[in-house]
Amino acid sequence: MREPIIIDTDPGQDDAVALLLAFAAGDRLALRAITTVAGNVPVAQTTINALRIRDLGGADIVPVHAGAEGPLVFPLETAEFVCGPDGLAGAGLPPPKSTRAPGHAVEAIIAICRAASDDGITLCPLGPLTNLALAFRLAPDILPKVKRIVLMGGAIGLGNMTPAAEFNVHVDPHAAAIVFDCGRPIVMFGLGVTLQAIASHEHVERIGALGNATGRAIHGMLTRPRPGGLGTAGHPMHDPCVIAYLLWPELFAGRDCFVEVETGAGPLCGRTTIDWNGRLRQPANAHVIGSVEAHELFERMIERLATLP
Ligand code: BDR
Ligand code: CA
């Protein structure tokens with residue numbers, strides 16, 4: 001049976017690869033909707049980008065709903081310094097052929113969850129957790145229908161926006177705290193594992209040589225010259241790890257842990273404290289992934305991406 005999923009995303013280059021991998025999942029996943037959120041770039045642009053990627057992958061059937069314009073409490077911080085001015089710099093993609101679906105992303109998440117079978121639905125957030133937090137607060141009745149949340153966010157060690165915080169949690173720590181406290185099963189992909197999933201120059205060349213438009217777009221994004229030496233040691237495929245886990249969980253290993261999100265002002269804001277060794281004696285609220293068989297991951301990803309237009 002296909003696993004029903006919603007991808008909540010802020011494309012973003014690695015989000016784009018994650019979406020494409022989901023489109024290439026064959027009979028494994030039933031992608032009910034793509035919901036967008038402000039993150040790498042403002043939500044008007046992440047929505048346009050989701051539509052452009054949907055066109056590229058030939059996935060017109062999947063509705064795209066635009067979501068939150070900014071975090072629950074803080075002003076929005078974006079990451080054009082990583083993704084370029086439009087979030088997909090180098091992809092060479094035209095403007096979208098199609099338009100977004102009516103209805104706010106949060107309403108769509110609530111409606112899809114309510115309509116899900118008793119087996120529930122898997123939520124896959126790849127950006128700040130604002131839409132999920134709003135949905136859980138507005139409609140807590142959907143929680144029993146959330147089979148699991150498989151997310152990219154946080155870090156066991158150093159952050160990438162501050163010494164303490166990874167980008168998705170840094171942008172909206174209050175939303176992340178709501179999600180980690182929601183009581184549903186969570187699988188967490190933080191920087192500890194996603195920085196093991198580095199697309200090397202050889203991987204990028206192989207993807208570019210696939211002979212399809214998908215491969216050319218990914219190659220363009222990942223070979224674009226970037227300031228400050230970014231990308232010279234390869235490109236972390238943070239968000240694709242989430243989709244890869246749904247397809248090939250055997251490639252990943254982790255532990256059930258207690259995770260707490262720091263929301264107080266100061267240099268630790270946005271930190272995810274992960275009790276890897278169970279010192280705090282708190283009940284686990286997430287399965288934290290710690291390692292990936294990266295070689296096999298890229299072999300399988302490249303094989304799947306070759307099946308797209
Ligand atoms: C996360 O931040 C974003 O820029 C990426 O798309 C990914 O979701 C990595 O910290
Ligand atoms: Ca992202």
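One-based numbering, in listed order, for ligands and for the atoms of each.
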Within a distance under 4.0 Å of any heavy atom of Phe167, pick out the atoms of ligand 1 and give their elements. 2 (O), 3 (C), 4 (O), 10 (O)

Does only the side chain of Thr194 get under 4.0 Å from ligand 1, or the backbone, or both, or neither? Count heavy atoms. neither

Ligand 1 atoms nearer than 4.0 angstrom to some heavy atom of Leu126 are 8 (O)

State, yes or no, whether a side-chain contact exists between His238 and Asp15 at a heavy-atom distance under 4.5 Å. no

Could you tell me if any non-hydrogen atom of Val82 lies under 4.0 Å from any atom of ligand 1? no

Below 4.5 Å, heavy atoms only, C-beta onward: do His170 and Phe74 meet side chain to side chain? no

Atoms of ligand 1 close to Asp15 [distance to a heavy atom under 4.0 angstrom, numbered from 1]: 6 (O)

For atom 10 (O) of ligand 1, what's the nearest protein heavy atom and its distance? Glu166 OE2, 2.5 Å

Counting only nitrogen or oxygen atoms and a 3.5 angstrom limit, does Asn40 reach ligand 1? yes

Look at the side chain of Glu293 and the backbone N and O of Leu251, then say whether any donor-acceptor pair between them is shorter than 3.5 Å. no

Atom CZ of Arg148: over 12 foreign heavy atoms under 6.0 Å: yes

Rounded to 10 degrees, the angle OD2 of Asp239 makes with OD1 of Asp10 at the Ca ion (ligand 2): 140°

Polar contact flag, side-chain donor to acceptor under 3.5 angstrom, Asn277-Arg255: yes

Rounded to 10°, how many degrees is the angle OD1/Asp15-the Ca ion (ligand 2)-O/Leu126? 140°

Using atom types as modelled and distance alone, determine if a side-chain donor or acceptor of His65 lies under 3.5 Å from a backbone N or O of Pro102. yes

Please work out which of the three classes, parallel, tilted or perpendicular, describes the rings of His203 and Phe298, given edges at 30° and 60°. parallel

In terms of atom number and element, which parts of ligand 1 are under 4.0 angstrom from non-hydrogen atoms of His238? 9 (C)

Numbered atoms of ligand 1 (with element) below 4.0 Å of Asn160, judged on heavy atoms: 9 (C), 10 (O)

Taking C-beta and beyond as the side chain, do Leu191 and Asn160 meet within less than 4.5 Å on heavy atoms? yes

Do any N/O atoms on Asp239 end up under 3.5 angstrom from N/O atoms on ligand 1? yes

Would you indicate whether Glu69, at its atom CD, is surrounded by more than 12 heavy atoms from other residues, nucleotides or ligands within a distance under 6.0 Å? no

Mind checking whether Met152 has an N or O less than 3.5 Å away from an N or O of ligand 1? no

Among all protein heavy atoms, pick the one closest to atom 6 (O) of ligand 1 and tell me residue, atom and distance. Asp14 OD1, 2.5 Å

